[in-house]
Novice: 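Quick one: this structure, given as structure tokens, is what I'll be asking you about.
Computed from a predicted structure; not experimentally measured.
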Amino acid sequence: MRLATLHLETARYGDVYRAGRLARLTRQMIRHIKRTDTSAQKVEQALARLAEANAPMDRLTLHQ
């Protein structure tokens, strides 16, 4: 196992730096995916409410 040194190139492009960066980017992507999923669910719910509000009265009486 290599230890990080104070040498800029090693600290910036070394294995430890890359592993840390990959872990940060992975967490960031997961956060973005979860946020996108939550937003998509809200849009689907809003579209369902809109479709229900715009449904013809005949269809509304059939569902009750």
Novice: Does the pair K34/D37 count as a salt bridge with the N-to-O cut at 4.0 Å?
Specialist: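 No, no charged N to carboxylate O under 4.0 Å.
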
Novice: Working to the nearest 0.5 angstrom, can you tell me the gap between M29 CE and L22 CG?
Specialist: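 Here the interatomic distance stands at 11.5 Å.
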
Novice: In Å and rounded to the nearest 0.5 Å, what is the CD to CZ distance from Q28 to R21?
Specialist: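 These two atoms lie 8.0 Å from each other.
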
Novice: To the closest 0.5 Å, what do you measure between CG (L25) and CD1 (I30)?
Specialist: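 If I round to the nearest 0.5 Å, the distance is 11.0 Å.
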
